[in-house]
Amino acid sequence: MHLAVDTLGLLLALNVTAADEQDRAQVAELTEKVQQVTGQSVEVAFVDQGYTAEAAAEAAQANNIRLEVVKLPEAKRGFVLLPRRWVVERSIGWMARFRRLARDYERLPETLAGLHFLAFAILMTSRLVNLMAQS
């Protein structure tokens, strides 16, 4: 699964693939979806080291997005908070609250993608309710 979120951690685009698919091969489709959803407003995408390749950078650049790879420090010792990459990790943690998403039980990728969009809709609705209660 390949996930694109905004700076608040809310889902922008999702691409469900088989586990043996390369991360780099999904960049073109994912960046295209992101630009469709945001009206071509995304300029930079922070990605992990699975997306390090010239082909991935070119695929993103074709959709006017510059990939910025967030790498682990050379002398890693214990937990290291990586700048900007924690945003998507936090979003994945939010999805873990939903039991149906804890395991890959679905046969169709469309079903799994739909359940992820539903989970994020629930998360956004609960945020809205909290904001309205505070007002």
Side-chain angles (χ1 to χ4, degrees):
M1 178 178 65
H2 306 276
L3 187 69
V5 298
D6 64 6
T7 55
L8 297 175
L10 301 175
L11 184 64
L12 292 176
L14 177 72
N15 192 12
V16 179
T17 60
D20 63 349
E21 294 282 332
Q22 286 289 326
D23 291 345
R24 297 174 199 97
Q26 309 309 316
V27 171
E29 185 177 347
L30 194 60
T31 54
E32 183 178 332
K33 286 180 182 179
V34 167
Q35 292 294 45
Q36 284 176 347
V37 169
T38 62
Q40 304 288 326
S41 65
V42 175
E43 296 175 5
V44 178
F46 296 98
V47 297
D48 65 14
Q49 291 174 320
Y51 297 92
T52 54
E54 192 63 35
E58 289 172 4
Q61 194 60 47
N63 290 307
N64 299 321
I65 295 178
R66 179 175 47 88
L67 292 185
E68 202 166 299
V69 179
V70 180
K71 296 182 180 182
L72 286 169
E74 293 289 328
K76 178 188 170 203
R77 199 166 203 200
F79 175 76
V80 177
L81 180 64
L82 298 174
R84 303 311 316 159
R85 214 167 96 188
W86 62 269
V87 175
V88 76
E89 299 296 337
R90 177 186 61 186
S91 300
I92 291 170
W94 290 341
M95 288 187 305
R97 295 182 196 166
F98 296 88
R99 288 185 68 180
R100 186 73 183 250
L101 300 177
R103 299 266 190 264
D104 292 331
Y105 293 122
E106 312 310 324
R107 286 187 185 189
L108 300 174
E110 295 84 8
T111 305
L112 185 60
L115 289 171
H116 278 86
F117 280 108
L118 180 62
F120 271 96
I122 292 168
L123 289 169
M124 288 173 34
T125 303
S126 66
R127 280 187 180 183
L128 179 63
V129 168
N130 290 339
L131 282 174
M132 292 178 69
Q134 291 175 0
S135 304

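Numbering starts at 1 and runs along the sequence shown.
Expressed to the nearest 0.5 Å, how far CZ of F98 lies from CZ of F120 amounts to 8.5 Å. Atom-to-atom distance recorded for D6:CG and T38:OG1 is 10.0 Å, nearest 0.5 angstrom. Atom-to-atom distance recorded for R66:CZ and E68:CD is 5.0 Å, nearest 0.5 angstrom. Rounded to the nearest 0.5 angstrom, L115 CG and E110 CD are separated by 12.0 Å. In this structure, CG in L11 is found 9.0 Å from CE in M124, a value given to the nearest 0.5 Å. Considering CD1 of I65 and CG of L67, their distance stands at 7.5 Å, rounded to 0.5 Å.
The two atoms that bring R24 and A53 nearest to each other are CD-CB, 3.1 Å, heavy atoms only. Here the closest heavy-atom approach between residue A59 and residue V27 is recorded as CB-CG1, 4.1 Å. Nearest heavy atom pair, residue Q35 against residue S41, reads OE1-N, 3.5 Å. In terms of heavy atoms, A4 sits closest to V34 at CB-CG2, 3.5 Å. A pairwise comparison of heavy atoms in L12 and V37 identifies O-CG2, 3.6 Å as the closest pair.
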Using atom types as modelled, flag every donor-acceptor pair under 3.5 Å from a side chain in residues 13-20 to any protein atom, sequence neighbours excluded.
residue, atom, partner, partner atom, Å
N15, ND2, Q26, OE1, 3.0
T17, OG1, H2, NE2, 3.3

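L30 and M95 fall into different hydrophobic clusters, defined by Ile, Leu, Val, Met, Phe, Trp and Tyr side-chain heavy atoms under 4.5 Å apart, directly or through other members. V44 and Y51 are assigned to two separate hydrophobic clusters, defined by single-linkage of ILVMFWY side chains at heavy-atom distances under 4.5 Å.
Here the side chains of L3 and I92 are in contact, with some heavy-atom distance below 4.5 Å. For the pair M132/L128, a side-chain contact is recorded, criterion being any heavy-atom separation below 4.5 Å from C-beta on. Counting heavy atoms from C-beta outward, E43 and N64 have side chains that stay 4.5 Å or more apart.
Although no hydrogens or angles enter the test, the distance criterion places a donor-acceptor pair under 3.5 Å between the side chain of S91 and the main chain of G9. Listed for the R90 side chain is a donor-acceptor partner under 3.5 Å among the backbone atoms of L8. Checking side-chain atoms of S135 against main-chain N and O of L131 turns up a donor-acceptor pair under 3.5 Å.
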Check the pair L10 / R127 against side chain to side chain contact (heavy atoms under 4.5 Å, CB included), numbers first and verdict last. CA-CA 11 Å; L10 301 175; R127 280 187 180 183; 3.5 Å; yes

